[in-house]
Undergrad: 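Below is one structure. I have some questions about it.
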Number of protein chains: 2
Amino acid sequence: MRIGELAKRTNTPHRLLRYYEEQGLILAERGPNGYRRYNENDVDRVIQIRGLLDAGLPTRIIKQILPCLNKPRNIFFKDATPEMLATLRFERDRMTERIRCLTKNRDAIGEYLSTVEKCRAPEPTS
Amino acid sequence: MRIGELAKRTNTPHRLLRYYEEQGLILAERGPNGYRRYNENDVDRVIQIRGLLDAGLPTRIIKQILPCLNKPRNIFFKDATPEMLATLRFERDRMTERIRCLTKNRDAIGEYLSTVEKCRAPEPTS
DNA sequence: CTTGACTCTCACATCGGTGTGAGGGTTGAG
DNA sequence: CTCAACCCTCACACCGATGTGAGAGTCAAG
């Protein structure tokens with residue numbers, strides 16, 4: 001598929017797809033006319049990228065962790081340098097901390113909401 | 001305490017504490033000399049703010065949800081407008097989505113790491 | 001052939017969070 | 001008194017993610 005379709009299916013502006021490519025997060029083949037060609041996998045990949053960006057990870061880190069993820073477990077074992085592994089552990093722990101923080105605050109919001117609802121319920125609106 | 005101590009205890013540059021104040025996330029009393037005075041609660045509050053920022057929430061949203069959180073459940077029930085409640089639900093769901101994404105990717109990193117470790121273990125380094 | 005929808009590259013703009021420094025007041029220890 | 005270590009405000013700079021638009025090529029439908 002071409003960039004327009006990918007943009008629609010991932011709900012992502014063209015501009016950002018090109019940006020992600022520039023940052024090395026996705027790579028697109030080119031048709032003879034110079035147009036980018038994407039495949040089905042790219043849809044999930046872009047969605048994943050956007051999710052991680054939204055969760056506060058910078059492209060630099062996403063680029064490092066993406067190759068180690070959701071792959072048919074074949075590659076990426078030779079070039080796993082100690083520094084790389086350390087980075088991965090560090091980011092994994094950082095993500096755990098983010099999850100902890102988000103969960104705590106989300107639950108607090110939920111609790112607040114249900115409290116409010118309880119206060120409102122006995123008093124019918126009309 | 002003054003800004004320096006808060007900065008040290010929250011591991012946050014002065015600049016940002018002033019920025020958070022400017023954005024309405026914290027509010028500091030002022031001593032007669034104009035110096036900001038903080039209390040113990042502000043330590044946790046700043047840490048919480050930083051956690052949320054790191055998890056991708058903008059100050060604008062943090063400002064909205066903070067008053068509904070970790071409070072002695074007393075206030076903030078009259079001014080809970082329907083729009084406000086809708087915002088809260090929306091952000092809560094967004095946070096849930098972030099948690100889902102982070103968890104999935106963190107676990108994938110963990111899996112990768114343990115796979116690598118398993119490959120390395122049987123082969124002593126020396 | 002023409003037109004409109006799509007694509008390309010390039011470049012400048014914006015926005016939020018953060019860094020940095022200038023210029024100046026306050027305060028406590030020596 | 002003086003000096004160091006704080007604090008203040010203000011303002012400009014940076015960086016990463018994103019918006020926007022100009023200028024030009026491609027291509028299918030009419």
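Throughout, protein chains are lettered first and strands after them, A, B, ... in sequence-line order, and every chain is numbered starting at 1.
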Undergrad: Considering heavy-atom distances to DNA chain C, does Arg50(B) or Pro32(B) have its closest nucleotide positioned more toward the 5' end?
TA: Arg50(B)
Undergrad: If you walk 5' to 3' along DNA chain C, what is the first nucleotide with an atom under 4.0 Å of a heavy atom in chain A, and what is the last?
TA: dC6(C) to dA11(C)
Undergrad: Return the 5'-most residue of the pair Lys8(B), Arg15(B) with respect to DNA chain D, ranking by each residue's nearest nucleotide.
TA: Lys8(B)
Undergrad: Taking only N and O in the side chain of Arg36(B), is any of them less than 4.0 Å away from OP1 or OP2 of dT9(D)?
TA: yes
Undergrad: I'd like to know if Arg89(A) pairs up with Glu117(B) as an ion pair, taking the criterion as any Lys NZ or Arg NE/NH1/NH2 lying under 4.0 Å from an Asp or Glu carboxylate oxygen.
TA: yes
Undergrad: Out of curiosity, Leu57(B) CG to Ile49(B) CD1, how far, rounded to the nearest 0.5 Å?
TA: 12.0 Å
Undergrad: Under 4.0 Å between any heavy atoms, over every strand shown, what does Arg37(A) touch: base, sugar-phosphate, or nothing? Just pick one.
TA: nothing
Undergrad: Measure from CD1 on Ile3(B) to P on dT9(D) and round the result to the nearest Å.
TA: 9 Å
Undergrad: Send over the distance from Leu17(B) CG to dC8(D) C1', rounded to a whole Å.
TA: 14 Å
Undergrad: dG16(D) P sits how many Å from Leu25(A) CG, rounded?
TA: 13 Å
Undergrad: Answer with base, sugar-phosphate or nothing: what part of the nucleic acid does Arg18(A) contact at a heavy-atom distance below 4.0 Å?
TA: base
Undergrad: Measuring from Ile109(A):CD1 to Ser114(A):OG, what's the distance to the nearest 0.5 Å?
TA: 12.0 Å
Undergrad: Over how many whole Å does the gap from Arg2(B) atom CZ to dC6(D) atom C1' extend?
TA: 6 Å
Undergrad: Please determine if a side-chain N or O atom of Tyr19(A) lies less than 4.0 Å away from the OP1 or OP2 oxygen of dA17(D).
TA: yes
Undergrad: Answer yes or no: is there a side-chain heavy-atom contact under 4.5 Å between Asp54(A) and Glu97(B)?
TA: no
Undergrad: When the distance from NE2 of His14(B) to P of dC8(D) is rounded to whole Å, what number comes out?
TA: 9 Å
Undergrad: Whole Å only: how far is the CG atom of Leu16(A) from the P atom of dG16(D)?
TA: 15 Å
Undergrad: Charged N to carboxylate O below 4.0 Å: is that the case for Arg9(A) and Glu40(A)?
TA: yes
Undergrad: For the CD1 atom of Ile65(A) and the CG atom of Leu52(A), what is their distance to the nearest 0.5 Å?
TA: 5.0 Å
Undergrad: Could you tell me how far apart Glu22(B) (CD) and dT9(D) (C1') are, to the nearest whole angstrom?
TA: 11 Å
Undergrad: Indicate yes or no: does Arg106(B) engage Glu91(A) in a salt bridge with an N to O separation below 4.0 Å.
TA: no
Undergrad: What is the separation between atom CG on Asn33(A) and atom P on dC27(D), rounded to the nearest whole Å?
TA: 5 Å
